[in-house]
Amino acid sequence: MKRKAKVLLEECVACGSCVKVCPRGAIQVVKGMYANVEPELCVGCMACARACPASVIVEAPAEMEGAS
Amino acid sequence: MRKKSIRSIFDYTWVFTVVYFGLGFFNILFAWLGLICFLIPLYGALFQGNKAFCNRYCGRGRLFDLLGGKLGLSRHRPAPLWLRSKFFRYGFLVFFMAMFFNMLWGTWLVFSSARELRVAVKLMWSFYVPWGWAAGSGAAPWSLQFSYGLYSLMLTSLLIGLGVMWLYKPRTWCVFCPMGTMTQWICKVKNGNTNEMHKKA
C-alpha cells in the first residue's frame, strides 16, 4: 500500500525543518501554526520525518492522508 | 529556479549568528543586535500572522542545520517526549521570559545607580564568566549592563541548542525555542484553532 507523510497537527511546532528538506516542495507551514503536507505532491520518502525535531511526522496509508 | 536561488541565500543566515557572537566577544555593545532575533519574529507573528523568521531566516536554526546536518555533529535521535511536551515548551517560555525581565530589572538597577555594573557574562543563569575586555569605554553603564544581560541569554540559549543538537536532532532547539513557542501561540490566537484551520484547508 502506498504511504505518505502525515503531520500530527496539534503537536507540530511549525519550525519549518520539514519544508526545507522536502525534495518535492510538498510541505508548507500554514499561517505559523503547523506544517501541512500536500498529498498530491508527497512521494512518501519521509525525509521530512527524519528532519522533524519534534518527531510529529508519521507514515500513513495514502487513503488516510489529510486526517489528523 | 528563482525560488531555489532565494532559498539558498537564506541557508547562509548562520553567518549572522557567528558574526554576532564574534563581535560580542570583542565589544559587548554589539549584543544589542540580538534584539533583532526578538523583534522580527514578533513583528511577523503579530502583524503578518506567520513564522517566516523561524521558517526561513533564523540564523541559529541554519547554524544547527549546518553543524548537525551537513557536518554530522548530531546523533539524529528523537528527542524525549517530555522535551516535546506542551508543558515543557510553555514552561520554558515562562522561565525564559522571567529571566529576560530579570535582566531588564538588573539594567534598571544599574540605570538608577542602585547597583554597580557587573562586567561578566552569566551562563546558564548561574555562572559568572569574566568578560571585562569587551566592555570598551564611553558607553553608559546601563547600556553595558543590558548588553551583558542579552549576550548572556543569547549565549546560554546557543549552548543549550548545541547540546540538544548533538544529543537529538539538529533543530531540536526549535521545539522549545521561546521565540518559536511564543510566535506559534500568537499565530494560533490570531489565525484560529488548528483543527478549524485544517478543516478549511
Side-chain angles (χ1 to χ4, degrees), chain A, chain B residues 3-4 7 10-11 41 44-45 48-58 61-62 64-65 68-69 74 76-81 83-86 89 164-165 168-177 180-181 183-201:
Chain A
M1 186 180 288
K2 198 171 182 183
R3 299 177 79 83
K4 295 191 176 187
K6 185 180 104 171
V7 180
L8 305 175
L9 303 181
E10 285 292 339
E11 292 158 51
C12 178
V13 299
C15 65
S17 302
C18 49
V19 177
K20 193 168 172 287
V21 298
C22 179
R24 297 269 293 157
I27 311 177
Q28 59 174 340
V29 175
V30 181
K31 295 189 171 184
M33 298 191 294
Y34 56 83
N36 188 44
V37 181
E38 198 64 52
E40 290 80 20
L41 293 175
C42 179
V43 291
C45 69
M46 302 313 289
C48 50
R50 286 190 292 278
C52 178
S55 303
V56 296
I57 303 180
V58 295
E59 252 185 320
E63 66 265 24
M64 281 177 67
E65 67 205 17
S68 59
Chain B
K3 190 178 178 185
K4 180 117 183 162
R7 211 183 211 189
F10 296 137
D11 283 346
Q48 296 180 323
N50 64 39
K51 282 186 64 171
F53 184 83
C54 295
N55 300 160
R56 271 181 243 155
Y57 315 125
C58 178
R62 295 297 169 273
F64 295 148
D65 271 336
S74 172
H76 290 276
R77 305 270 171 87
L81 275 174
L83 198 72
R84 297 182 258 147
S85 68
K86 282 187 179 166
R89 291 180 63 215
V164 292
M165 175 197 82
Y168 309 116
K169 290 185 183 179
R171 295 275 295 266
T172 301
W173 165 255
C174 302
V175 175
F176 58 97
C177 167
T181 306
T183 50
Q184 188 188 26
W185 178 75
I186 292 169
C187 287
K188 280 183 174 177
V189 170
K190 195 177 165 71
N191 298 323
N193 181 275
T194 305
N195 288 331
E196 284 173 15
M197 279 299 298
H198 193 66
K199 278 174 196 165
K200 286 178 195 169

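Computed from heavy atoms alone, side chains included, the values below leave out hydrogens, waters and symmetry copies. Just so we're on the same page: letters track the sequence lines, and every chain starts at 1. Computed from a predicted structure; not experimentally measured.
A donor-acceptor distance shorter than 3.5 angstrom exists from the side chain of B:Q184 to the backbone of A:C12, with no hydrogens or angles considered. Judged purely by atom type and a 3.5 angstrom limit, B:K169 has no side-chain atom pairing as donor or acceptor with the backbone of A:S55.
For B:K86, the part lying near chain A is the side chain, with the backbone staying farther off; criterion is any non-hydrogen pair under 4.5 Å. With a 4.5 Å cut-off on non-hydrogen atoms, A:A35 does not touch chain B at all. When heavy atoms are compared at a cutoff of 4.5 Å, B:R171 approaches chain A by way of both its backbone and its side chain.
Just one of A:C15, A:P53, A:S17 meets the side chain to side chain contact (heavy atoms under 4.5 Å, CB included) condition when paired with B:V175; it is A:P53.
Between A:V29 and B:N55, the closest heavy-atom pair is CB-OD1, 3.5 Å. Between A:M33 and B:K188, the shortest heavy-atom contact is SD-CA, 3.7 Å. Considering all non-hydrogen atoms of both residues, A:K31 and B:C187 come closest at O-CB, 3.3 Å.
In this structure, A:K20 NZ and B:R62 CZ are separated by 6.0 Å, a value rounded to the nearest 0.5 Å.
Ranked by heavy-atom pairs under 4.5 Å with chain B, the first of A:G32, A:A51, A:C52 is A:G32.
B:R56 is not listed as a side-chain neighbour of A:V19, based on a closest heavy-atom distance of 4.5 Å or more.
Residues of residues 43-50 of chain A lying under 4.5 angstrom from chain B, judged on non-hydrogen atoms, are A:A49, A:R50 by number.
By the ring-ring contact (aromatic ring centres under 6.0 Å, His included) test, B:F176 pairs with B:F88, B:F92, B:W173, sequence neighbours left out.
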